[in-house]
Amino acid sequence: MTATRRHLNARQAETAQRVIDAACAELREVGFDELTVRSVAGRANVAPATAYTYFSSKHHLVVEVFWRSIHERAHPASPAAPTVDRVAAVFVDLARFLADNPELGRAATCALLRDEPDVKQLRELIGSEINARIVEAAGPQVEPEVMDALAMSWSGAMLQAGMGHSNYTQMGERLVAVARLLLGDAR
């Protein structure tokens, strides 16, 4: 996978990956507020100008980390499970990922709201990825309005947890309840 809007050769892709890995470490150690492209570049052992070649801002860098993390996750839903359980599995998997990586979740919540071209492009890719997972889990029989409500529930839950109004584990539980309500399996 290459950085947004850039076609990279193998050496460039390796450099971009070093910057990504350094950003993950930097997020865990100092958090989003203290993270800078310059500090990430230092950790990756590249010049700041090199890091900026691949990532236009710290927001772009964080959203790229988030995108790659989500995109590379396996799809958890079992095709034999009932629809509501498949959709719930998608939500639980994403919530567990964020619960295990709360710094990334909080940083992504902030960074995804930026009005930068690279962030916008990744925001669309992330939205498409999440929607595709929900659609795949739900199957073709679920009405488009229900699909929209499930996708909007994900976005709202992500924002609520990212702002600290709930934690990512609670986010998963609440999304499962929404899925059960919308798909007719309220327990």
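Note that this is a predicted model, so its numbers are computed, not measured.
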[X]: side-chain hydrogen bond (donor to acceptor under 3.5 Å, both in side chains) partners, not counting sequence neighbours:
X	answer
Glu145	none
Thr169	none
Thr109	none
Asp21	Gln17

Worksheet item: Looking at side-chain heavy atoms only, is the closest gap between Phe97 and Ile70 below 4.5 Å?
Response: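 A side-chain contact exists here, since the closest heavy-atom pair is under 4.5 Å.
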Discussion item. Using modelled atom types and a 3.5 Å cut-off, is there a donor and acceptor pairing between side-chain atoms of Gln12 and backbone atoms of Asn9?
Written reply: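 Yes: the side chain of Gln12 pairs with the backbone of Asn9.
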Item to complete: List for me each residue that meets salt bridge (charged side-chain N to carboxylate O under 4.0 Å, His left out) alongside Arg18, sequence neighbours excluded, and say none if there are none.
Response: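 Counting only residues at least two positions away or on another chain, Arg18 forms a salt bridge (charged side-chain N to carboxylate O under 4.0 Å, His left out) with Glu14.
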Worksheet item: With sequence neighbours left out, what residues match Arg96 under salt bridge (charged side-chain N to carboxylate O under 4.0 Å, His left out)?
Response: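 For Arg96 there are no salt bridge (charged side-chain N to carboxylate O under 4.0 Å, His left out) partners, ignoring immediate neighbours.
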Worksheet entry | side-chain contact (heavy atoms from CB on, under 4.5 Å) involving Ala81 - partner list, sequence neighbours excluded |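 Testing Ala81 for side-chain contact (heavy atoms from CB on, under 4.5 Å), a comparison that skips the adjacent residues, returns Ser78, Asp85, Arg86.
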Practice prompt. Could you list who else is in Leu113's hydrophobic cluster, with ILVMFWY side chains joined at under 4.5 Å, directly or through other members?
Written response: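 In the cluster with Leu113 are Leu159, Met163.
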Discussion item. Through direct or indirect side-chain contacts below 4.5 angstrom among Ile, Leu, Val, Met, Phe, Trp and Tyr, which residues connect to Val176?
Written reply: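 Direct or chained contacts put Val176 with Val92.
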Worksheet item: What salt bridge (charged side-chain N to carboxylate O under 4.0 Å, His left out) pairs are there with at least one residue in residues 32-61, not counting sequence neighbours?
Response: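 Of all non-adjacent pairs touching residues 32-61, those that pass salt bridge (charged side-chain N to carboxylate O under 4.0 Å, His left out) are Glu26-Arg43, Glu29-Arg43.
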Item to complete: Sort and list the pairs that fulfil salt bridge (charged side-chain N to carboxylate O under 4.0 Å, His left out) and have at least one residue in residues 99-114, not counting sequence neighbours.
Response: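 Found Arg114-Glu116.
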Discussion item. Suppose the criterion is ring pair (Phe, Tyr, Trp, His ring centres under 6.0 Å): which pairs have a residue in residues 12-45, not counting sequence neighbours?
Written reply: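 Listed by first then second residue: Phe32-His59.
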